[in-house]
There are 2 protein chains.
Amino acid sequence: MAEAATTVPVGKGGRTAARIRDVALEMFSRLGFERVMMAGIAAGAGVSQATLHYHFQDKAQLWRAAMLHLSALISAEERRLEATADLSSVAQLREAMRLFLRISWKHPALGRIIALEGMAGGERLAWLDSHLTGPRNRRLVAIVRAAIAAGELKPFPAEQLVITLQAAGVGVINLAPMIQQSFGIDPASPEARQAHETMILDALLGGLMIQPEQT
Amino acid sequence: MAEAATTVPVGKGGRTAARIRDVALEMFSRLGFERVMMAGIAAGAGVSQATLHYHFQDKAQLWRAAMLHLSALISAEERRLEATADLSSVAQLREAMRLFLRISWKHPALGRIIALEGMAGGERLAWLDSHLTGPRNRRLVAIVRAAIAAGELKPFPAEQLVITLQAAGVGVINLAPMIQQSFGIDPASPEARQAHETMILDALLGGLMIQPEQT
DNA sequence: CGAATTCCTGACTTAGAAATCAGAAATGAC
DNA sequence: GTCATTTCTGATTTCTAAGTCAGGAATTCG
C-alpha cells in the first residue's frame with residue numbers, strides 16, 4: 001500500500017491517490033459519508049474500484065484521508081492570521097471571518113462538512129472536532145470573549161455568536177443547489193461574492209458591534 | 001394499507017403510522033435519507049420493520065410522508081403571518097424571521113432538512129422546493145425587495161440576504177451536536193434561546209437595516 | 001359473540017454496495 | 001533491455017439493508 005495521507009503527491013501512485021482523495025473530498029462533503037458510493041468515486045477519479053482499496057484500505061480510511069487533506073489546506077491558509085495578533089479583538093475577529101469566507105469559497109467542502117457532521121453527531125464529528133473544527137471554534141470564542149470584555153462587541157453568548165457567524169457565512173455557499181432550485185441563480189459570481197463579503201463583514205458583524213458603522 | 005399522509009391519527013393503525021412518521025421525521029432530518037435505516041425507525045417506533053412497509057410502501061414514500069407532515073406543521077404556524085400584511089416591509093421581514101426562529105426551535109427538523117437536502121441537490125430537493133421551502137423563500141425575497149425599494153434595508157442581493165438570514169437563524173439549532181462536542185454546552189436552554197432571538201432579530205437584522213438601532 | 005377486516009410480525013428473498021484477491025500492466029532502477 | 005517493484009484491474013465474495021409474503025393477532029362492527 002502507498003502512503004495515504006500525504007499532501008504532496010509523488011510518483012504515479014501518489015498522483016492517483018491524490019486524485020482519488022480530491023474526488024472523495026468533493027463528494028463526501030457534498031453528499032455525506034453514506035450517500036457516496038465507492039464506485040462513484042472510482043468513476044470520478046477514472047480508476048477501478050479496486051484501486052481505491054489499494055490506496056486506502058476502506059471507505060472510512062478514505063474519508064479520513066480526504067478530511068486530513070482538507071485540514072492541511074485550511075491550516076495553510078490560516079497561517080495568515082498570525083499577522084493579526086496585535087490588532088484589537090474585534091479587528092481580529094473581522095479578519096478571521098474574512099479569511100473564513102475566502103477559505104469557504106475556495107474550499108466549499110469545509111462548510112458542507114461542518115454542516116453535515118455537525119448536525120449528525122457521532123464518531124465522525126468527534127474526529128472532525130479534534131482535527132478540523134474544534135481548535136478554530138475555541139480560538140474564535142476566545143477572541144469574541146475578549147472583544148466583549150473590551151466593550152467592542154455586544155454581550156451575546158460567545159459560542160452562539162461564533163457558530164451563528166460561521167453559519168451565516170457559509171449559508172449561500174453550502175446552499176447553492178437550493179438557491180439554484182428556488183431562484184434559478186448561481187451565487188458564486190464574483191460580484192455576488194463581493195456583496196456577500198460586505199454583507200457578512202460589514203452589515204452582520206457591524207450589527208454585533210457596540211458602535212456600528214453607519215452607512 | 002392505511003392512509004399514509006394524514007396528520008390527525010385515527011384508529012389503531014393511524015396512531016401507529018403517526019408514530020412511525022414522527023420517528024422517521026426526526027431521524028431523516030437529523031441524519032439524511034440514506035444514513036437512516038428502516039430497522040432504526042422500526043426500533044424507534046417500537047414496531048417490526050415489516051410494519052413500516054405495511055403503512056408506507058417503501059422508504060421514499062415514508063420520507064415524503066414525514067416531510068408532508070412537517071409541511072403541515074409549518075403551514076399551521078405560518079398562518080399567523082397573515083396578520084402582518086399591513087406592516088412596513090422591514091417589520092414584515094422581522095416578524096417572518098421571528099416566526100421562523102420559533103418554528104425552528106419547535107420543529108428543528110425544518111432547518112436540518114433544508115441544510116441536508118439544500119446542499120445535496122437532486123430530486124428530493126426539487127420535491128422539497130415545491131412542497132416546503134420554495135414558496136417561503138420566494139415570499140421572503142419579495143418582502144426583502146420591497147424593503148430595499150422602500151429604503152429600509154441595505155441593497156444586498158435579496159436571495160443572498162434571505163438565505164443568509166435563515167442560515168444564521170438555524171445555525172445553533174442545527175449544529176447543536178457540534179456545539180456540544182466543541183464547547184460542552186447545550187444551546188437550547190430558555191435563556192440561550194432568548195439571547196439567540198435578540199442576536200438574530202436585533203443585532204444581525206439591525207445591521208442589515210439602513211438606520212440601525214443603537215444599543 | 002363471532003366473523004370480517006385491519007393491523008402486525010417472523011422468516012425469507014433480493015438488490016446493491018463494500019471489500020478481496022489473483023494476476024496483468026506499468027514503472028523505474030540498473 | 002530486463003527484472004524487481006509498484007500500481008492497477010476484472011471477477012468474485014461478503015455483507016448489509018430494503019423489500020416481500022404468508023399467516024397470526026388485534027380490532028371493530030353486525
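Chain identifiers are assigned alphabetically (A, B, ...) following the order of the sequence lines, protein sequences preceding nucleic acid strands; residue numbering begins at 1 within each chain.
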(message) For B:Phe56, does the six-membered ring have the charged nitrogen or CZ of B:Arg21 within the cation-pi criterion, i.e. under 6.0 angstrom from the centroid and within 45° of the normal?
(response) no
(request) Find the distance B:Trp63:CH2 to D:dG19:C1' and express it as a whole number of Å. (result) 20 Å
(message) Could you check whether A:Arg136 pairs with A:Glu78 (Lys NZ or Arg NE/NH1/NH2 to Asp/Glu carboxylate O, under 4.0 Å)?
(response) yes
(request) Provide, to the nearest angstrom, the distance between the CZ atom belonging to A:Arg15 and the P atom belonging to C:dT27. (result) 12 Å
(request) Answer yes when B:Glu77 and B:Lys106 have at least one side-chain N-carboxylate O distance shorter than 4.0 Å, and no when they do not. (result) yes
(request) Take nucleotides 9-20 of chain C nucleotide by nucleotide from the 5' end and write B, S or -, depending on whether a protein heavy atom sits under 4.0 Å from the base, only from the sugar-phosphate, or from neither. (result) BB------SBBB
(message) Would A:Arg35 and B:Phe33 count as a cation-pi pair here, with the cationic atom under 6.0 angstrom from the ring centre and within 45° of the axis?
(response) no
(message) Measure NE2/A:His55 against C1'/D:dT9 and give the value in whole Å, please.
(response) 12 Å
(message) Consider side-chain contact (heavy atoms from CB on, under 4.5 Å). Of B:Val47, B:Leu25, B:Val23, which one does B:Ile41 pass it with?
(response) B:Val23
